[in-house]
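Each remark here refers to the structure printed beneath this line.
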Amino acid sequence: MNAPKRLSSLADVTGAARRPAYDPARHGHGIVHLGIGAFHRAHQAAYTDAALAAGGGDWRIVGASLRSVELADALNPQNGLYTLIERCASKVHARVIGSIAHLIAASRAPADLMTSLVDRRTRIVTMTVTEKAYGVDRATMTVDLSHPAVAADLRSLNNPSGVLGLLTEALRRRRIEHVDPFTVLCCDNLPDNGGFVRCGMIDFARRRDAALGDWIAEKVSFPSCMVDRITPASTEQTREDALRLTNCIDQAPVETEPFTQWVIDDRFPSGRPAWEAGGALFVDNVEPYEAMKLRMLNGAHSMLAYAGFLSGRRYVRDTVAPEGFRPLIERHFAAAASTLQRLPAIDLNAYARQLLSRFANPAIAHETYQIAMDGTEKLPQRILASALEARAKGLDVRPFAFAVAAWMRYCLGRLDDGTRYVLRDPREDEIGRLLSDLVAPSDVVDALHALPHFFPDRLRTDPVWRDAVNSCLRTMMREGMQAALAAEMRT
Ligand code: CS2
């Protein structure tokens, strides 16, 4: 048998992996994606692959990494091809994805990225850059002038490197060159993600040129969407499986779960791929779907990430195992569901059961420490929004107080045995200063409730809420996370 070749052409793929049912080279690009990590390649790129097979069109993706260069260096020699591995207990499926045309490492080639954004063939710009990359203040929906990317881009308007600066500059040039604007599709886990980016961009643009801001407000479409697919970091095993299933060496395979969901506002004035071919659902109002996913899936994820990491559970699947704390996860689902507007098309009990089995997938090694990252960016929409709604409806806030207390315990930066870890949060220095030397649980609760722009006033000043958080954190700090979990399961 011949030694395996590096993946670079579909003709070399001889294993069991499915290959695209179209010739990638015959399709031009129509999308630029900012933040081309594993999630994008497990999700949107797979839908686009299905759309190209079903509906054709020039909709391949130019992917941009805003900071790192590694993925561009791995995928460009492969002509954008990579293996997507789907795992569950009983099977491993692989398919080679052909929807990525090429990659740009923006830190090395900023002009190439700008050229692609201004190119009239680019009709949609999508992004997964994580919550912290935007620099938009959610309370005022205006740009946060203290955000490093926003501040840098306002200083250097023509050479931006942050999301708002890049998109504004590209739209400015398109306007001058009489090129229609692209549609902006945010695929980050934020409520009303389209409206959020729209407000940030209009405010950013108005600061440099009021007429440009007005033009963006009038002409650019910002649909919202809800994205879902659990995608852990790739490992050596991912590479080995890719080799076995393609007979090619793939330097950038991705692994994910079989489940996938994408619910999108259908507002694409310059056209879009037939993403429904991959199962995307187009609706008039994404908001109830977003709230369901953010509060049930992501809310439970954050709770179990802090509680799991601090009680020695490395993976999500360990938290729902018999020796884990599944009843608390089920409790969280039920509490979050009771804050939601009902969707006729969705049975929330069935959704919760499905989430539990997704979390339990024994073939997915999703680290609790990975989900614990960036808590200050995640908790407001995942937990605090539910807590507010529960209070307004007179419902029990304990499940949300428990989740917030687990995050507070995590903010202390050390395990029960004293081992230190890095918080990995954009506000970790500020949190470290607020908490230094504090030993009493109630002082920690007070200090973190004083973190600016974090807790909504209605929670901060609510004694019922504060008491509940205090009571949970007291047990966690005095008896340890494992004992706190056991105690909570007895209540
Ligand atoms: C997770 C999400 O890391 C996290 O914060 O909650 O990435 C989650 O896995 C995805 O939203 C699932 O679609």
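Start at 1 and go down the list; that is how both ligands and their atoms are numbered. Atom set for the values below is all heavy atoms of this structure, side chains included, hydrogens, waters and symmetry mates excluded.
- Every N/O-N/O distance between R358 and ligand 1 stays at or above 3.5 Å.
- Each of the atoms 9 (O) of ligand 1 lies under 4.0 Å from some heavy atom of H366.
- Shown here are the ring-ring contact (aromatic ring centres under 6.0 Å, His included) partners of H147, two or more places apart in sequence or in another chain: there are none.
- More than 12 heavy atoms of other residues, nucleotides or ligands lie within 6.0 Å of CZ in R424, so this atom counts as buried by the packing criterion.
- Ligand 1 has a nitrogen or oxygen under 3.5 angstrom from a nitrogen or oxygen of H301.
- The shortest contact between atom 13 (O) of ligand 1 and any protein heavy atom is with D228 OD1, 2.6 Å.
- The protein atom (non-hydrogen) at minimum distance from atom 10 (C) of ligand 1 is K293 NZ, 3.7 Å.
- Against a heavy-atom cut-off of under 4.0 Å, N189 is close to the following atoms of ligand 1: 11 (O).
- Listed by number with element, the atoms of ligand 1 under 4.0 angstrom from any heavy atom of R229 are 12 (C), 13 (O).
- Between N298 and ligand 1, a contact under 3.5 Å exists for at least one N or O pair.
- The ring-ring contact (aromatic ring centres under 6.0 Å, His included) search around Y289 returns none, not counting sequence neighbours.
- The pair D396-R331 fails the salt-bridge criterion, with no side-chain N (NZ, NE, NH1 or NH2) lying under 4.0 Å from an Asp/Glu carboxylate O.
- The pair K378-E131 fails the salt-bridge criterion, with no side-chain N (NZ, NE, NH1 or NH2) lying under 4.0 Å from an Asp/Glu carboxylate O.
- Under 4.0 Å is where a charged nitrogen must lie from a carboxylate oxygen, and between R433 and E430 no such pair does.
- Here the OG1-NE2 distance, from T48 to H43, works out to 10.0 Å after rounding to the nearest 0.5 Å.
- Interface of K378 with ligand 1, defined as ligand atoms under 4.0 Å from a residue heavy atom, comprises 3 (O), 4 (C), 5 (O).
- At a 4.0 Å heavy-atom cut-off, ligand 1 touches R382 through the side chain alone.
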